[in-house]
Amino acid sequence: MSAKPASKPSGGLASALPQSPAGHAGPSGPLDWRHVVQWLQADGVISAEEARRTITRCAQAESAQHALLRLASVSIKRASDERPLDIEALTQWLAQRCGLAYLRIDPLKVDVGKVADAMSAHYAERHRVLPVQVTPTELVVATAEPFVTDWVEEVQRQARRPVRCVLANPTDIQRYTAEFFALAKSVRQALKSGSGHSGTSFEQLVELGKVTKQLDANDQSVVQVVDWLWQYAFDARASDIHLEPRREQGVIRFRIDGVLHPVYQMPMGVLTAMTARIKLLGRMDVVEKRRPLDGRIKTRNPRGEEIEMRISTLPTAFGEKMVMRIFDPDNTVKDLDALGFTPHDAQRWEGLVKRPHGIILVTGPTGSGKTTTLYATLKRLATEEVNVSTVEDPIEMIEPAFNQTQVQPQLDFGFTEGLRALMRQDPDIIMVGEIRDLQTAEMAVQAALTGHLVLSTLHTNDAPSAITRLMELGIAPYLINATVLGVLAQRLVRTLCEQCKQPDTQSPRSALDEVVKPWKINGDYTPYTAVGCIDCRMTGFKGRMGLYELLVLSEAFKDKVNQEPNVEALRRQGVTDGMRPLRLSGALRVAEGLTVLPEVLGTTPPL
């Protein structure tokens with residue numbers, strides 16, 4: 001949990017009550033907004049003049065609101081910087097004054113099943129409290145009323161463990177009380193609906209396939225659980241949702257900023273029902289579980305924006321594993337500037353993609369952002385005057401600005417056949433998802449020689465290795481020199497959260513200097529370290545950025561290609577021509593305070 005150390009949960013709560021301006025003990029019962037205004041003034045958070053204005057404005061506000069919500073609605077200005085105090089700032093201040101831990105409720109860190117069993121939904125709503133963590137030694141309960149404690153003793157008796165109170169935003173408590181208990185109820189109902197199949201033989205399960213399909217399509221509890229899953233994935237900025245069957249229980253995990261986070265453990269019956277429900281929505285064969293399947297779903301996020309998800313299933317030892325890749329318009333890169341190019345590389349990349357014909361390659365391992373870079377580039381190039389066409393496997397994102405084709409290996413329609421067909425479609429710019437074999441490479445070369453700009457990807461560790469990979473596939477050096485314009489190698493690293501990052505005083509400057517040898521970083525710089533806050537879910541990182549190594553083929557470089565060189569010779573010539581290696585690019589980002597050294601070392605090859 002992201003709570004600070006708190007006072008003792010039961011007997012110590014009364015001693016932590018705030019003191020009134022006159023020095024008397026704080027009140028009991030629900031918060032009164034007038035008292036809160038007095039405490040804000042007494043603590044120097046707001047000025048006396050602001051306190052008077054606040055009292056006048058609050059007197060006209062809705063009387064049924066919680067005291068903190070009422071104050072937040074009138075935009076109280078802080079005395080120190082004149083910035084308004086929002087509900088989170090008021091909650092944090094009140095928690096500190098009361099001696100309680102402050103908690104920003106994170107649904108990804110709450111075991112919904114356990115907390116729903118700790119207290120009934122009716123009891124939680126009546127007392128406006130919410131269990132957020134259950135351990136063998138304590139029950140952590142979030143409240144927005146620090147002086148209402150008459151429920152503590154009863155909950156301790158029922159839970160048979162001490163209760164520790166934490167202070168949370170009243171809006172979050174109300175929202176998550178409804179959602180957590182509704183989710184737990186839906187899971188129980190879905191499990192109950194499928195309980196009739198427990199103990200059924202394999203042959204009987206096969207016969208029940210059509211019944212199960214009908215149940216999954218219409219059972220309201222399964223629909224609610226799936227809707228909850230998507231809702232929290234969108235809120236958490238997840239790029240992928242994993243539904244993984246295990247021996248005892250199913251596991252749901254989200255990939256956020258490149259790292260998988262466990263979210264929920266589901267009974268296997270419910271997970272199977274969820275998988276069937278999602279397959280139906282993706283127009284996939286629900287009965288077929290023996291081979292991998294692919295599908296797509298379009299839905300909307302809470303803001304009403306359309307979101308597309310690509311679905312993939314895979315048979316495993318314990319059932320069907322499903323991965324949903326989310327293409328959220330908020331997280332989709334819309335221009336090259338947002339990719340993370342340095343001015344040095346951005347200028348050179350712009351010069352490459354404006355060339356009328358040739359081959360431009362983007363390389364890197366799976367998940368390094370190659371497709372995102374190509375899409376952002378194609379969006380820049382796709383004007384009304386040019387015909388932009390792609391051949392992909394699969395189509396990652398539907399983009400109306402250009403024509404996209406999906407390969408169909410089962411119909412003998414691969415990259416080679418797709419590229420050959422595109423050549424008869426009067427294209428100007430062609431994007432090939434990946435060059436995997438000699439035939440596709442030869443078609444790409446032929447397209448470049450006949451006046452087309454071809455963009456594609458390769459799986460290599462760095463930019464110079466792409467040249468030797470083409471030679472290993474069987475492309476002649478003279479054809480490489482005639483067609484290849486440049487190679488962009490890239491990696492993704494997590495970026496530090498701007499709200500909580502702090503200067504790293506522990507790591508000496510020599511650590512970064514040692515990493516970039518024989519290069520040297522000039523000037524003063526201050527590395528930062530990850531700390532963790534509410535905004536970044538206590539990870540210290542929020543979002544990712546690209547590290548790039550851009551190789552532009554110069555005449556001197558082409559001379560070395562004709563001499564059948566090794567990768568090291570090509571790399572040295574590339575550096576001479578202005579290429580910055582991946583690790584150096586990462587080190588510069590560390591010096592700028594955008595990421596940390598372990599992130600760079602873990603993703604980039606050594607110099």
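Bear in mind that the values here come from a model prediction, so they are computed numbers and not experimental data.
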Q: Please report the C-alpha distance between Gln231 and Asp235 in whole Å, then the side-chain angles of each, then the deciding distance to 0.1 Å, and finally whether the side chain to side chain donor-acceptor pair (under 3.5 Å) criterion is met.
A: CA-CA 6 Å; Gln231 166 71 37; Asp235 286 349; 2.8 Å; yes
Q. Between Trp230 and Phe234, is a ring-ring contact (aromatic ring centres under 6.0 Å, His included) present by the stated rule, with each step listed?
A. CA-CA 6 Å; Trp230 290 343; Phe234 301 153; 7.2 Å; no
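Taking 4.5 Å as the limit, some side-chain heavy atom of Trp151 sits within range of a side-chain heavy atom of Val141. Under the 4.5 Å side-chain criterion, counting only non-hydrogen atoms from C-beta, Leu183 is in contact with Val225. For the pair Glu145/Leu31, a side-chain contact is recorded, criterion being any heavy-atom separation below 4.5 Å from C-beta on. In this structure, the side chains of Ile252 and Leu271 come closer than 4.5 Å at one or more pairs of heavy atoms. The shortest side-chain heavy-atom distance between Phe541 and Val596 falls under the 4.5 Å cut-off.
Tested against Phe254 for a side-chain contact (heavy atoms from CB on, under 4.5 Å), the candidates Leu260, Leu229, Ile326, Asp240 yield a single pass: Leu229.
Shown here are the ring-ring contact (aromatic ring centres under 6.0 Å, His included) partners of Tyr528, two or more places apart in sequence or in another chain: there are none. Phe318 pairs by the ring-ring contact (aromatic ring centres under 6.0 Å, His included) definition with nothing, not counting sequence neighbours.
Residue pairs that meet the salt bridge (charged side-chain N to carboxylate O under 4.0 Å, His left out) test with at least one member in residues 71-81, sequence neighbours left out, are Arg78-Asp81.
Side-chain atoms of Gln404 and Glu399 form no donor-acceptor pair, as typed in the model, at a separation below 3.5 Å. For the 3.5 Å distance criterion, the side chains of Lys321 and His242 qualify, holding a donor opposite an acceptor.
Heavy atoms of other residues, nucleotides or ligands lying less than 6.0 angstrom from CZ of Arg283 number 12 at most.
Between Glu50 and Arg57, at least one side-chain nitrogen of the basic residue sits less than 4.0 Å from a carboxylate oxygen of the acidic one, meeting the salt-bridge criterion. In this structure, Arg277 does not pair ionically with Asp227, as no charged nitrogen and carboxylate oxygen lie closer than 4.0 Å.
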